[in-house]
Amino acid sequence: MADSKVSLDTISSLAKRRGFIFQSSEIYGGLASCWDFGPLGVELKDSVKDLWWKHVVRMRDDVVGMDSSILMHPDVWVASGHVGEFHDLLVDCLNCRARVRQDHLVNGKCPRCGGSEFTEPQRFQLMFKTQAGSTDTGKLDVWLRPETCQGIFVDFKLVQSVSRTKVPFGIAQIGKSFRNEVTTKSFIFRSREFEQMEMEFFVKPDTADEWYEHWREQRWNWYLNALGVKEENLRMEEHEQKNLAHYAKAAVDVIYNFPFGWQEIEGIHNRTDFDLKAHMEQSGKDLQYHDQETNEKYIPWVIETSAGVERSCLVAMIDAYDEDEIGGEKRTVMRFRPEVAPVKVAVFPLQKKAELQEVAKSLYMELKSQWSAQYDVSGNIGRRYRRQDEIGTPYCVTVDFETLDDKAVTIRERDTTEQVRIGLDNVKEWLFERLQ
Ligand code: GAP
């Protein structure tokens with residue numbers, strides 16, 4: 001499609017039609033900014049999370065994983081600053097009554113009608129509150145976590161001692177976060193329930209700048225080489241000192257060229273010792289790190305990398321979308337990196353004949369034990385290829401009549417549409433080389 005950009009409508013309708021993403025509770029009219037991931041969406045999400053985990057945790061010796069609970073002691077959110085600071089300032093336009101975030105006014109004017117008179121700003125808490133416990137045992141007001149990283153900070157000492165890790169080291173987790181966002185549009189870009197992939201890297205304070213640079217580079221490379229995003233659609237945007245979050249000394253956003261403009265997909269922050277210090281003060285527990293070699297005790301500084309799963313999925317879909325022509329026929333093709341694609345391989349018997357289906361089914365079962373795979377017998381082969389191209393399946397394997405004699409199959413590659421003949425016994429190995 002060369003340089004022309006795909007629209008968000010095209011992506012969201014493909015996402016719905018092919019079972020990637022639906023509006024939540026659609027039969028009841030939907031719930032704003034909540035989304036359900038369908039059969040292909042959940043595979044895409046899993047691929048993205050797995051690629052993140054592989055590069056941030058599994059392939060490194062200095063990062064371990066964890067999974068903390070969503071509901072936490074309410075004091076966590078007092079210490080983190082969220083109870084006091086995590087709110088938007090909202091104003092009502094006196095002309096059109098639109099409720100707008102004060103920081104979303106355009107040169108002091110209402111973005112909907114251009115009006116310039118507003119009510120006084122009101123604070124709007126962005127955390128969802130709920131209650132734990134029944135009336136019999138007493139209720140406790142608790143919050144749905146708005147970020148996963150606080151679970152890492154409060155368990156820092158435990159994880160460090162059980163995994164016998166030494167500073168510098170990181171703790172990573174992937175999990176749901178909830179924010180009662182005021183502005184909710186642009187499909188899944190900003191939702192009220194989403195998943196984060198966060199990593200907190202604990203370092204000696206005087207090495208924080210080096211590690212900040214290290215993680216900037218690592219995360220940039222992940223988007224290019226693991227998620228497979230085109231470099232021209234990716235940028236790093238440094239925060240100005242005056243715009244830094246209350247906990248940060250330095251921060252950079254990875255931003256992507258969405259159809260609705262350049263927007264953040266990940267934040268990389270030098271959080272200093274803000275969080276551990278705050279939790280030490282609030283809990284009264286000593287969260288200092290004891291360096292056994294030098295006998296020093298100190299509160300480590302933290303470099304954080306914080307990415308959104310849904311935003312990475314949206315980026316993967318937008319970046320992969322393409323249209324071209326095959327034999328004079330227009331096709332839509334999602335050029336996902338094979339590791340990102342929701343379905344890695346599809347198997348087709350050329351016709352519905354029992355002898356072809358028997359071989360194809362057996363190959364399909366073998367491949368399915370390793371990768372997400374589809375089996376398709378309906379329609380002509382051209383149509384089956386188009387269906388797989390549209391969801392980005394990198395390889396389609398066809399079992400034909402010759403297979404019965406030569407024990408070989410045809411594998412067709414999505415991007416080039418080139419076909420190769422491979423022995424049935426070698427299909428798994430052939431795919432293995434290309435899908436890892
Ligand atoms: N712990 C730091 C933190 O949470 P953040 O910049 O507020 O930082 C990090 O969020 C990432 O989480 C964002 O870059 C984005 O990818 C994702 N994210 C945040 N709010 C989101 C929302 N409402 N919907 C979808 N993703 C969101």
Side-chain angles (χ1 to χ4, degrees), residues 21 24 31-35 37 45 48-49 52 56 68 70 72 76-77 79-82 85-88 101 103-104 124 126-128 143-154 156 170-201 215-216 219-220 222-223 227 229 234-239 243-256 258 260 262-272 274-276 278-279 302-316 318:
I21 302 159
S24 157
L31 179 66
S33 293
C34 295
W35 301 94
F37 280 68
K45 241 186 176 190
V48 166
K49 290 192 277 187
W52 186 88
V56 176
S68 69
I70 288 171
M72 300 174 75
V76 169
W77 306 109
S80 68
H82 284 82
E85 308 258 356
F86 197 52
H87 53 255
D88 280 341
R101 269 170 61 171
D103 61 334
H104 283 185
F124 177 74
L126 293 176
M127 283 195 294
F128 284 98
W143 305 98
L144 298 189
R145 69 178 176 201
E147 57 179 14
T148 58
C149 62
Q150 296 303 327
I152 296 177
F153 295 130
V154 301
F156 156 73
I171 306 177
Q173 86 164 314
I174 299 177
K176 288 266 187 182
S177 291
F178 302 83
R179 296 183 189 179
N180 201 359
E181 299 281 4
V182 179
T183 312
T184 53
K185 49 182 188 193
S186 312
F187 193 31
I188 57 171
F189 177 79
R190 181 171 285 111
S191 26
R192 296 202 166 108
E193 175 180 339
F194 54 97
E195 278 186 274
Q196 287 185 308
M197 306 181 280
E198 297 201 290
M199 193 280 318
E200 310 300 319
F201 202 76
W215 280 107
R216 276 178 68 131
R219 299 304 303 140
W220 175 259
W222 185 83
Y223 284 103
L227 199 61
V229 177
L234 211 57
R235 282 188 199 154
M236 287 281 202
E237 189 173 66
E238 210 82 42
H239 286 212
N243 295 333
L244 287 176
H246 60 277
Y247 50 75
K249 175 173 175 266
V252 64
D253 287 339
V254 183
I255 58 173
Y256 179 76
F258 285 99
F260 43 89
W262 288 89
Q263 293 286 342
E264 173 188 340
I265 50 177
E266 166 156 355
I268 300 157
H269 294 147
N270 175 349
R271 293 183 76 116
T272 69
F274 176 88
D275 306 272
L276 290 181
H279 288 302
V302 172
I303 307 303
E304 171 182 79
T305 69
S306 176
V309 176
E310 288 78 1
R311 285 192 194 175
S312 286
C313 289
L314 185 57
V315 163
I318 293 169

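In listed order, ligands and their atoms are each counted from 1. Atoms considered below: every heavy atom in the structure, side chains included; atoms not considered: hydrogens, waters and symmetry mates.
Judged by distance alone, the side chains of Gln196 and Ser177 do bring a donor and an acceptor atom under 3.5 Å apart. Side chains of Glu198 and Thr148: a donor on one and an acceptor on the other come within 3.5 Å.
Any N or O atom pair closer than 3.5 Å counts here, and Cys149 shares no such pair with ligand 1. At a 3.5 angstrom cut-off on N or O pairs, Glu304 counts as close to ligand 1. An N or O contact shorter than 3.5 Å links Glu147 to ligand 1 by distance.
The option from Phe194, Trp35, Phe189 that lies nearest to atom 21 (C) of ligand 1, judged by heavy atoms, is Phe194. When the options Arg145, Arg179, Glu200, Glu181 are ranked by their closest heavy atom to atom 7 (O) of ligand 1, first place goes to Arg179.
A search for side-chain contact (heavy atoms from CB on, under 4.5 Å) contacts involving Asp253 returns His239, Ile255, Glu264, not counting sequence neighbours.
A ring pair (Phe, Tyr, Trp, His ring centres under 6.0 Å) with Phe260 is found for exactly one of Phe258, Tyr256, Trp262, namely Phe258.
At a heavy-atom cutoff of 4.0 Å, ligand 1 is contacted by the backbone of Ile265 but not by its side chain. Heavy atoms of Met197 found under 4.0 angstrom from ligand 1: none, in either backbone or side chain. Contacts of Arg192 with ligand 1, taken as heavy-atom pairs under 4.0 Å, are absent altogether.
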